[in-house]
Number of protein chains: 2
Amino acid sequence: MARNTDGLSRERIVETAVELLDSAGESGLTFRALSARLKTGAGAIYWHVANKDELLAAATDGALAGVTAAGRTPEEAIRAVAIDVFDAIDAHPWIGGQLARLTSQRTTLRILERLGQQVQALGVPAEALFYAASALLNYILGVAGQNAANARAQTWGTTRSEVIGAESELWASLDPAEFPFARAIAGQLRDHDDREQFLAGIDLIIAGIKQTSEAGTTQTSESGIK
Amino acid sequence: MARNTDGLSRERIVETAVELLDSAGESGLTFRALSARLKTGAGAIYWHVANKDELLAAATDGALAGVTAAGRTPEEAIRAVAIDVFDAIDAHPWIGGQLARLTSQRTTLRILERLGQQVQALGVPAEALFYAASALLNYILGVAGQNAANARAQTWGTTRSEVIGAESELWASLDPAEFPFARAIAGQLRDHDDREQFLAGIDLIIAGIKQTSEAGTTQTSESGIK
DNA sequence: ACCTGAACACCGTTCAAGT
DNA sequence: ACCTGAACACCGTTCAAGT
């Protein structure tokens with residue numbers, strides 16, 4: 001490593017793309033901006049990277065490479081995987097948008113693998129494994145997408161708590177006949193913590209997985225053993 | 001209604017945008033294509049619609065206006081909401097991508113309201129309502145995003161089952177040391193039904209919500225009553 | 001083998017000018 | 001009040017030409 005410091009390389013391109021995404025957001029990554037920062041021509045990048053989608057996938061893949069599954073129990077390990085993904089998105093909000101678009105199947109497959117191994121360790125019967133693990137993955141991807149959308153909706157000077165505060169007031173002022181629920185939880189929206197909310201959802205799914213698999217068979221039986 | 005058949009109107013613009021999205025996908029909606037179909041100038045649309053984001057939000061909102069919450073039990077009603085969203089995405093794949101981007105907060109708020117009312121009916125304690133309902137919403141949005149991504153990855157002539165079959169074979173051929181889980185469930189991936197998988201996830205979350213709220217307090221107590 | 005940079009075929013959006 | 005359509009300021013991608 002550390003060879004070829006001056007010449008262009010896929011590694012250096014992806015690295016610079018991440019810098020651009022971190023500092024200027026999704027819309028900041030441009031082949032022109034990228035080539036300017038790399039002091040090269042716009043077309044040169046295409047020698048090392050097929051197109052923008054591949055570049056984004058590589059950037060996402062790199063940023064999530066460190067997702068592990070440490071924990072003394074399967075439950076803890078599942079939470080650890082989820083937290084790793086959450087923290088990565090927190091540090092690089094653009095990851096959320098990419099994950100939700102699935103352009104990087106390799107990345108989601110790796111996360112699914114980590115989750116699935118722990119779901120297996122939970123004692124879930126073989127025929128229920130796929131649905132259980134993918135429920136966790138889809139939930140994580142949903143939160144990822146929302147976080148990215150929230151980050152995108154901000155930018156213009158406002159802080160997160162200002163946005164949440166305004167949204168909470170909006171909910172509190174809705175028509176009581178049509179939106180009783182939103183009104184009732186407006187206060188919880190204002191005071192909630194994103195990470196706690198995220199983990200509460202993970203815990204609900206884990207609880208559901210454990211309970212359903214303890215019950216012996218799922219409601220949709222006769223589908224596994226044939 | 002049915003007035004102004006010839007003149008441009010927000011209604012007619014949104015309607016035509018949906019046609020374009022349905023027939024040509026997300027990339028098919030262009031102000032040039034739209035104005036050509038409406039036999040008007042590209043700039044005329046801006047008189048009725050602020051920009052493309054607003055147009056997409058209006059299209060998404062319209063396509064999901066029919067989401068209801070019919071069902072004899074809260075569980076059934078939650079499933080009904082989820083199925084309505086799933087079916088709408090199935091019919092108009094571009095909705096998934098929009099929902100995951102949250103450009104249409106009104107739409108997601110309405111879905112959250114429907115889900116939340118039923119979660120309330122489930123007997124969930126007040127301080128756990130927000131997390132429970134948003135877990136369901138985030139899961140639904142996650143699946144929505146994945147469906148949209150799958151639809152996007154297809155287009156080029158291949159059928160859904162061909163794509164799934166190829167992916168299943170890939171999983172089966174992965175390194176057993178690194179991807180034991182993916183290998184184990186490759187068959188389930190091949191044979192699974194998208195709707196059944198989606199509903200299985202909903203059921204897991206419902207089971208988790210019921211079990212956690214029956215237990216009296218959640219792990220994260222002391223946060224609600226103060 | 002790798003890089004340059006002009007050119008191509010698009011975008012969303014604006015805006016003077018029309019009716 | 002509403003519409004026209006040329007123009008602006010961008011995009012991602014290609015490709016002849018260079019080294």
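These values consider heavy atoms only, across backbone and side chains, with no hydrogens, waters or symmetry-generated copies. Below, chain A is the first sequence line, B the second, and so on; all start at residue 1.
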Take nucleotides 14-19 of chain C nucleotide by nucleotide from the 5' end and write B, S or -, depending on whether a protein heavy atom sits under 4.0 Å from the base, only from the sugar-phosphate, or from neither. BB----
Have B:Glu167 and B:Trp171 got a donor and an acceptor in their side chains that come within less than 3.5 Å? yes
Between D:dG5 atom C1' and B:Leu34 atom CG, what is the distance in whole Å? 16 Å
Spacing between B:Lys39 atom NZ and D:dG5 atom P, to the nearest angstrom: 13 Å
Could you report the tightest heavy-atom contact between B:Gly201 and A:Ala135, atom names first, then the distance? CA-CB, 4.0 Å
Between C1' on D:dC3 and CD1 on B:Ile13, what's the gap in Å once rounded to a whole number? 11 Å
Taking N or O atoms only and anything under 3.5 Å, show me the protein contacts with nucleotides 8-11 of chain D, one pair per line.
{"residue": "D:dC11", "atom": "N4", "partner": "A:Arg32", "partner atom": "NH2", "Å": "3.1"}

At under 4.0 Å, does any side-chain N or O of B:Trp47 touch on OP1 or OP2 of D:dC2? yes
Do any N or O atoms from the side chain of B:Thr30 and from the backbone of B:Ala33 form a donor-acceptor pair under 3.5 angstrom? no
For the student: nearest non-hydrogen atoms of A:Leu29 and A:Lys52, plus distance: O-NZ, 2.9 Å
What pairs with B:Ser23 under side chain to side chain contact (heavy atoms under 4.5 Å, CB included), at least two apart in sequence or on another chain? B:Arg37
When you check the gap from the basic side-chain N to the acidic O, do B:Arg10 and B:Glu15 get nearer than 4.0 Å? no
Here the side-chain hydrogen bond (donor to acceptor under 3.5 Å, both in side chains) pairs for residues 133-146 of chain A, sequence neighbours left out, are A:Ser134-B:Gln197
SB check A:Asp84 A:Arg114 (cutoff 4.0 Å): no
Less than 3.5 Å apart, which donor and acceptor atoms pair up between the side chains of residues 178-188 of chain B and the rest of the protein, not counting sequence neighbours?
{"residue": "B:Arg183", "atom": "NH1", "partner": "B:Ala172", "partner atom": "O", "Å": "3.1"}
{"residue": "B:Arg183", "atom": "NH1", "partner": "B:Leu174", "partner atom": "O", "Å": "2.8"}
{"residue": "B:Gln188", "atom": "OE1", "partner": "A:Phe130", "partner atom": "N", "Å": "3.4"}
{"residue": "B:Gln188", "atom": "NE2", "partner": "A:Ala126", "partner atom": "O", "Å": "2.8"}

Residues A:Asp87 and A:Arg195 bridged, charged N to O under 4.0 Å: yes
How many whole angstroms separate atom CD1 of B:Ile45 from atom P of D:dG5? 13 Å
Dot-bracket notation for DNA chain C is requested: 5' to 3', Watson-Crick or G-U wobble pairs only, both distances under 3.5 Å, with ( ), [ ], | and . as defined. ||.|||||...|||||.||
Does the plane of the ring in A:Phe198 sit parallel, tilted or perpendicular to the ring in A:Phe86? Use 30° and 60° as the thresholds. parallel
To the nearest angstrom, how far is B:Asn51 atom CG from C:dT13 atom C1'? 9 Å
